[in-house]
Amino acid sequence: MAPILKIRKLQKTFTLHHQDGAEIPVLENFTASIEKGEAVAISGSSGKGKSSLLKLIYGTYRAGGGSILVRHKRTWADIAQAEPHDIMDIRQHTIGFVTQFLRCVPRVPAEVVVAEPLLERGEEESAALRRARELLAHLHIPERLWHLPPSTFSGGEQQRVNIARGFSARFPILLLDEPTASLDKKNRKRVFELIEEERGSGTTIIGVFHDAAERRKASDREINLD
Amino acid sequence: MNAPLLQVSGLTKNYGSTPACNDISFALHPGEVIAIVGESGSGKSTLLRCISGQMEPSSGAVAYTHADGRVTDLFAASEAERRNLMRKDWGFVHQDARDGLRMGVSAGANIGESLMAVGSRHYGKIRASAEDWLSRVEIAASRIDDSPWSYSGGMRQRLQIARNLVTAPRLVFMDEPTGGLDVSVQARLLDLIRGLVRNMKLAAVVVTHDLAVARLLSSRMMVMQNGRVVETGLTDQVLEDPQAPYTQLLVASVLQA
């Protein structure tokens, strides 16, 4: 197997200019290599930078030093150095992210929210919506809600729409930030089925999970940040 | 990679001895939406007026790449060429719809005029297009012959958007497009703009002081303070990991609301 993500000497510190320039170190000299098709769980105690690491890989947080090399369109791109334009391309084709909260746009229906990553990639509308409806059904979102904007849904329903969105467009690398937080047992099971399906099709998974049992279930190995 | 649609290089605009915009450079790619944020007096509206050809900068250049690959240097071009560009390829949405509409003629004529300016002559087609665009901006077709004076603020703003987009421009400049509207009206308008920009694959430069507007509409942001760009990046980078002291202040004071 070939590596798909190579992180070298990654460094991240938050500087709070309005708190007397307080410095909050998050990652110091973090190095890791992840193979194509691996499922890796990021573990560590609270505040050790698990979510931050995912956000650095996605380019939402800007690296303070080091490199984050990702295999993108047959070449290597360094997310720590990439221009916004290139990061957008990486997000459209190579790295997907299931975040913890759904950012609602007031009037976009749930099925379109889920289909959007596919539509942005230029996929045909009917196929994108078909995939979106499959996922919504899989995650127990009642059909009568599919045409409604999720802003009025319950917290759990919104989270499931968000998960559906994260899984709709298949990416070579999928980042998961506690995807089962705030879900009941029945839906947690459904999310693990989706993760299983992705692993089966060769997707590389990098995730932060709720507990050790979930980590064991969803990953081949663990990277501990403690 | 494609050539940028708009390339702004070293743009400076002085009012007397005070620079309103100081040495600003950036590139906008086709289909990209960039938000310029900052408080009033930061120079963002001056920058918008310069890059949209409405005001001549003290120094610097703005280059626009046409669909066929030709490049126009905005301030080296003739006035006629610049006018033609602004009419055919560009749109400009003003904060106050009264600045972007002709208030003396009907709503339908406001849309029809844009089409006639790019060469449409067939009355029936122009009328049909105006009706289509009214419905796309959620205005009842029965209001087509009414004066914009009889429209509410939100409707006028939607009409101004229709007047701008009916000619299918490639690039739209927006100056505080939701400023001065009620919050409920703002959400609807933003949603409408977002849908149109995505479906028409428009590139846009949106000036706003409202980070929520930037979050919803733009993929990239530029933060301005005292005529300078203090921070740029992807919208989620700037909002979730702001680097400049001024941006941190802006994000901390707004997102807590």
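Quick note on labels: first sequence line is chain A, next is B, and so on, each numbered from 1. On a predicted model such as this, the values are computed, not experimentally measured, just so you know.
Interface remark: A/E116 contributes side-chain atoms only to the contact with chain B (heavy atom separation under 4.5 Å). Neither the backbone nor the side chain of B/L190 comes within contact range of chain A; no heavy atom of the residue lies under 4.5 Å from a heavy atom of that chain. With a threshold of 4.5 angstrom between heavy atoms, B/R194 approaches chain A through side-chain atoms but not through N, CA, C or O. Looking at B/T235, there are no atoms closer than 4.5 Å to chain A (heavy atoms on both sides), in backbone or side chain. Within the 4.5 angstrom heavy-atom criterion, only backbone atoms of B/A244 (N, CA, C, O) approach chain A. Contact annotation for B/E32: only side-chain heavy atoms (C-beta onward) come within less than 4.5 Å of a heavy atom of chain A. If you measure heavy-atom distances from A/T15 to chain B, the contacts under 4.5 Å come from the backbone alone.
For the atom pair CD (B/E240) and CZ (B/R215), the distance works out to 5.0 Å, reported to the nearest 0.5 Å.
A salt bridge is absent between A/R130 and A/E124: the closest approach of a Lys/Arg side-chain nitrogen to an acidic carboxylate oxygen does not fall below 4.0 angstrom. A salt bridge does not link B/D241 with A/K55: none of the charged nitrogens is closer than 4.0 Å to a carboxylate oxygen.
Between chain B and the residues A/E83, A/H17, A/E120, the largest count of heavy-atom pairs under 4.5 Å involves A/H17.
Both the sub-6.0 Å distance and the 45° axial angle are not jointly satisfied by B/R158 relative to the ring of B/Y151.
Contact of the B/R49 side chain with the B/V207 side chain is not registered, since no non-hydrogen atoms from C-beta on lie closer than 4.5 Å. The closest side-chain heavy-atom distance from B/L192 to B/R136 is not below 4.5 Å.
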